[in-house]
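The structure under discussion appears below in the form of structure tokens.
Within every chain, numbering begins at 1; the chains are lettered A, B, ... in the order of the sequence lines, protein sequences first and strands thereafter. The structure presented is a predicted model; accordingly, all values stated were derived computationally and were not measured.
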Number of protein chains: 2
Amino acid sequence: MKTSLVAVDLHGQGCADCAVRGFSVCASLDQFEMREFEHLSRRVSFASCETVFAQEDTSSFFYNLLDGVMRLYKLLPDGRRQIVGFVLPGDFVGMTTEERHGFSADAIGPVTVCQFAKMPFGRFAEDKPNLLRRMNELAVQELNQARDHMVLLGRRSAEEKVATFLVGWRDRLVELRGPSNMVPLPMSRQDIADYLGLTIETVSRTFTKLEREGIIAILPGGVSLRDSARAEALAAA
Amino acid sequence: MKTSLVAVDLHGQGCADCAVRGFSVCASLDQFEMREFEHLSRRVSFASCETVFAQEDTSSFFYNLLDGVMRLYKLLPDGRRQIVGFVLPGDFVGMTTEERHGFSADAIGPVTVCQFAKMPFGRFAEDKPNLLRRMNELAVQELNQARDHMVLLGRRSAEEKVATFLVGWRDRLVELRGPSNMVPLPMSRQDIADYLGLTIETVSRTFTKLEREGIIAILPGGVSLRDSARAEALAAA
DNA sequence: GCCGGTCTTTGATTCAGATCAATGCAGGTT
DNA sequence: AACCTGCATTGATCTGAATCAAAGACCGGC
């Protein structure tokens with residue numbers, strides 16, 4: 001009886017009641033596969049700012065974000081940082097065939113993940129075309145996002161960068177939580193700067209500029225998109 | 001007899017003698033699968049500067065580069081261009097589940113590709129875990145490259161960008177053609193600029209600077225890495 | 001409420017890289 | 001050889017964002 005309880009706890013209350021069940025890789029599994037899959041996973045929580053995995057770590061786990069927000073980033077030897085993405089619930093992280101992750105992930109605020117050991121996951125996925133196709137789909141999606149971000153980093157002005165970020169972040173939240181022009185920003189200004197290839201001062205000044213222009217209102221913990229048409233125009237431009 | 005000849009021609013002299021057979025997605029197929037696969041593909045050639053597919057095109061084909069070099073790029077409405085990658089023989093291009101490509105590809109010099117119609121390819125791949133896993137591997141590899149490039153675009157100086165590009169391009173050529181410090185650059189300075197998020201003038205000045213410092217020698221059609229240790233140091237920094 | 005820390009905003013100044021403007025330099029054509 | 005034409009290089013100048021330097025603002029802990 002005790003073992004069973006522990007097991008349930010370790011495997012995280014099962015997938016049946018999982019908030020991200022319909023998204024992520026799980027969406028591709030039928031109920032029998034799901035049952036088996038359940039035993040490969042483990043729910044793990046991290047406190048704010050804790051590191052889930054680091055650049056140089058051996059990549060022994062995959063993660064499915066259940067709750068909270070994470071940042072993924074790469075560090076240069078001299079400490080310069082580039083954030084390569086923010087992770088929201090339902091996102092799948094750490095997919096790789098390489099020995100090491102190549103980037104770090106840490107929690108922005110408290111976070112709960114569904115963790116899979118790489119090896120058993122690999123064995124499970126090996127002969128499941130549905131799951132493999134789904135993983136492909138997700139990888140390709142991420143690749144498209146990455147390419148869009150390259151355009152932003154290489155060819156856009158500070159104002160365009162910030163507007164694009166705000167619109168993009170809002171759109172992701174809308175998909176997750178439904179429409180709203182209030183855009184919570186759990187990450188710091190420094191995080192935003194490191195995501196957009198700017199300095200914290202430039203991000204701050206650009207926020208102020210967008211507010212002066214009536215495009216946004218700066219609120220504690222986020223912004224409100226006052227004139228999303230103009231913000232979107234800046235983002236598309 | 002005639003039909004057979006035409007078919008052989010259309011399907012491109014078969015896969016058996018294909019130069020990139022051991023690389024790309026093909027590496028995951030056994031000889032029987034290869035036989036079937038052969039009939040899905042068609043060799044197509046493009047002249048220098050011809051467009052293989054455009055950003056807004058419906059993505060009806062995948063491509064496997066057999067010979068030549070291509071550039072992949074995204075255009076902003078106002079004409080700013082970001083090159084998201086250069087393609088060398090063996091590289092697989094156009095993998096996507098989206099309706100449209102989202103980026104353009106054109107030939108730098110004459111090019112030959114192995115072209116697959118998306119639909120029959122999809123049906124063929126559907127239940128082949130080996131092939132699906134291989135495609136995953138390739139997608140993840142590209143994603144890692146894309147993330148490295150984000151760091152370059154967002155956080156590195158002009159000199160570091162150029163050095164990183166030269167070292168990275170040399171390494172890809174070494175893998176393909178064996179070791180050499182002579183680095184042919186089939187793309188124009190403008191292409192390099194649009195890849196690195198710089199202007200053509202800055203690229204040119206940086207080449208000159210690297211030459212003055214004794215790190216490279218500028219030759220017609222390329223450069224020679226005179227001091228690859230120092231170039232690599234700049235690239236890693 | 002007050003204190004000490006961290007994060008954000010604002011201001012002054014600098015600088016790397018962009019822009020503007022020639023000039024140089026091949027490869028092809030007549 | 002003389003003349004294009006499309007790169008590539010070099011020079012002069014400008015500017016957007018970085019850097020340097022203070023203030024504010026916003027906590028959480030007593």
Whole angstrom value for the distance that separates P of D/dT10 from CD of B/Glu211: 8 Å
Looking only at heavy atoms, what is the nearest atom pair of A/Ile83 and A/Asp191, with distance? CD1-O, 3.4 Å
Contact nearer the 5' end of DNA chain D, comparing A/Val203 with A/Pro220: A/Val203
What is the distance, to the nearest angstrom, from the NZ atom on B/Lys209 to the P atom on D/dT9? 16 Å
Minimum-distance pair of heavy atoms, taken over all atoms of B/Met70 and B/Val113: SD-CG1, 4.4 Å
Between A/Arg155 (CZ) and D/dG16 (P), how many Å, whole number? 16 Å
Out of D/dA17, C/dT9, D/dT9, whichever nucleotide has its closest atom nearest the side chain of A/Arg189: C/dT9
Starting at atom CG of A/Asp194, determine the distance to atom P of D/dA17, rounded to an integer number of angstrom. 17 Å
Ignoring the backbone of B/Ile200, work out which of C/dT8, D/dT19, D/dT9 is nearest its side chain. D/dT9
Any side-chain N or O of A/Arg205 below 4.0 angstrom from OP1/OP2 of C/dT9? no
Figure out the CG/P separation between A/Leu185 and C/dT9, and round it to whole Å. 11 Å
On the six-membered ring of B/Phe103, is A/Arg147 placed so that its NZ or CZ lies under 6.0 angstrom from the centre and within 45° of the ring axis? yes
Please determine if A/Arg189 forms a cation-pi arrangement with A/Phe207, meaning its NZ or CZ atom is less than 6.0 Å from the six-membered ring centre and no more than 45° off the ring axis. yes
May I ask you to test the B/Tyr195-B/Gln190 pair for a side-chain heavy-atom distance under 4.5 Å? no
Kindly say if B/Thr202 contacts the phosphate of C/dA16, meaning a side-chain N or O under 4.0 Å from OP1 or OP2. no
Please tell me which of the listed nucleotides, C/dT9, D/dA17, C/dG17, lies nearest to the side chain of A/Ser157? D/dA17
Grab the CD-P distance between A/Glu159 and D/dT15 for me, whole Å please. 17 Å
Touch check for A/Ser188, heavy atoms < 4.0 angstrom, all strands: base, sugar-phosphate only, or nothing? sugar-phosphate
From D/dC20, C/dT8, D/dA8, nucleotide with atom closest to A/Glu201 side chain: D/dC20
Counting any heavy atom closer than 4.0 Å, what does A/Gly221 reach on the DNA or RNA strands: base, sugar-phosphate only, or nothing? nothing
Whole angstrom value for the distance that separates C1' of D/dT9 from CG of B/Leu198: 16 Å
In this structure, how many angstroms lie between the P atom of C/dT8 and the CG atom of A/Leu219, rounded? 15 Å
A/Thr208 side chain near C/dT10 phosphate (N/O to OP1/OP2, under 4.0 Å): yes
